[in-house]
Number of protein chains: 2
Amino acid sequence: MTNQLDSFFSALADPTRRAVVEQLIQGPAAVSALHDGHDMALPTFLRHLKVLEDSGLVTSTKKGRVRTVEMQPKALRAGADWFEAHKSMWEGRIDRLARLADHLERTRT
Amino acid sequence: MTNQLDSFFSALADPTRRAVVEQLIQGPAAVSALHDGHDMALPTFLRHLKVLEDSGLVTSTKKGRVRTVEMQPKALRAGADWFEAHKSMWEGRIDRLARLADHLERTRT
DNA sequence: GAGTTGGTTAGTCATATAGCTAAGTATTGC
DNA sequence: GCAATACTTAGCTATATGACTAACCAACTC
């Protein structure tokens with residue numbers, strides 16, 4: 001559980017990997033196609049892909065000499081859910097603070 | 001921009017720090033109160049708090065000898081927004097795939 | 001004003017991460 | 001079957017991260 005979120009968030013804590021996620025939202029792509037436009041050596045880029053795959057955010061399959069990478073919907077949802085759960089708790093608290101502030105404002109005047 | 005999300009996601013990529021965020025949703029708390037229940041030396045714990053503060057997720061103020069830490073709503077929203085933007089793009093694609101699958105299913109039978 | 005409490009700073013260590021080059025393997029195309 | 005393509009593996013380096021201890025400072029409390 002905990003470990004899942006660890007690798008999930010740290011996978012997204014890098015601009016290269018977030019860019020790959022954004023590319024893959026358009027649809028699956030080959031490693032070399034994803035690599036184009038990223039100014040780094042291929043082995044370095046492959047390590048980023050491995051991080052994404054280990055986190056469960058993407059999967060890949062090899063056909064012939066081409067490896068195709070694809071987003072994995074469930075993983076993205078797990079992270080979004082964490083946010084939803086905590087954001088709503090937080091916003092509930094904000095609302096209470098806002099009401100308190102209103103109250104103080106009214107009673108002062 | 002990019003840098004903001006980097007530090008934001010890596011701040012959340014650690015169970016101790018996520019636990020602190022969850023504690024702080026209940027309301028502000030002193031360093032020592034937050035530290036209770038986390039089985040690690042205080043200096044180590046302080047570094048985690050610094051990471052959270054550097055990421056903008058929390059702020060802190062010192063009064064007398066007590067430092068009080070507090071969540072920062074805007075920062076949480078920035079991350080949630082990133083998710084919302086990309087999740088919806090992704091889910092749009094899922095819907096298209098589902099329709100395609102339906103179509104293929106129908107035409108085959 | 002001496003001791004306790006709450007936090008801070010400094011310094012060490014081990015492991016992880018992000019980058020590189022160089023060399024290797026396995027398909028595909030001519 | 002030889003060359004080009006598309007990764008893959010191995011091995012190196014530098015920096016970042018997460019943990020610790022020890023020693024320190026500042027502010028309450030007797």
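Reminder, nothing fancy here: chain letters follow the sequence lines and each chain counts from 1.
Summary of the strand contacts: A:Gly64 and A:Ala41 both lie near DNA chain C, and taking for each the nucleotide with the nearest heavy atom, the more 5' one is attributed to A:Ala41.
Between B:His38 and B:His48 the shortest side-chain heavy-atom distance does not fall below 4.5 Å.
Residue contacts for A:Ser32: at a heavy-atom cut-off of 4.0 Å it reaches the sugar-phosphate backbone alone, with no base atom in range.
For C:dG6, the OP1/OP2 oxygens have no side-chain nitrogen or oxygen of B:Lys63 closer than 4.0 Å. Checking the phosphate oxygens (OP1, OP2) of C:dG6, no side-chain nitrogen or oxygen of B:His35 falls inside 4.0 Å. An OP1 or OP2 oxygen of C:dC20 is reached within less than 4.0 angstrom by a side-chain nitrogen or oxygen of A:Thr44.
Taking CG from A:Leu57 and CG from A:Leu24, the interatomic distance works out to 10.0 Å, rounded to the nearest 0.5 Å. Distance check, rounded to the nearest 0.5 Å: NE2 of B:His35 to OG1 of B:Thr44 gives 8.0 Å.
Checking D:dC7, C:dG7, C:dT9 against every side-chain atom of B:Pro43, the shortest atom distance belongs to C:dT9. Listed candidates were C:dT8, C:dC20, D:dA19. Nearest to the side chain of B:His48 is D:dA19. Among C:dT8, D:dA6, C:dA18, the nucleotide with an atom closest to any side-chain atom of A:Val66 is D:dA6. Of the candidate nucleotides D:dA27, D:dC7, C:dG7, D:dA27 has the atom nearest to the side chain of B:Arg65.
Within a 6.0 Å radius of CG in A:Asp36, other residues, nucleotides and ligands contribute more than 12 heavy atoms.
One N or O donor and one acceptor, one from the side chain of B:Arg47 and one from the base of D:dG18, sit under 3.5 Å apart.
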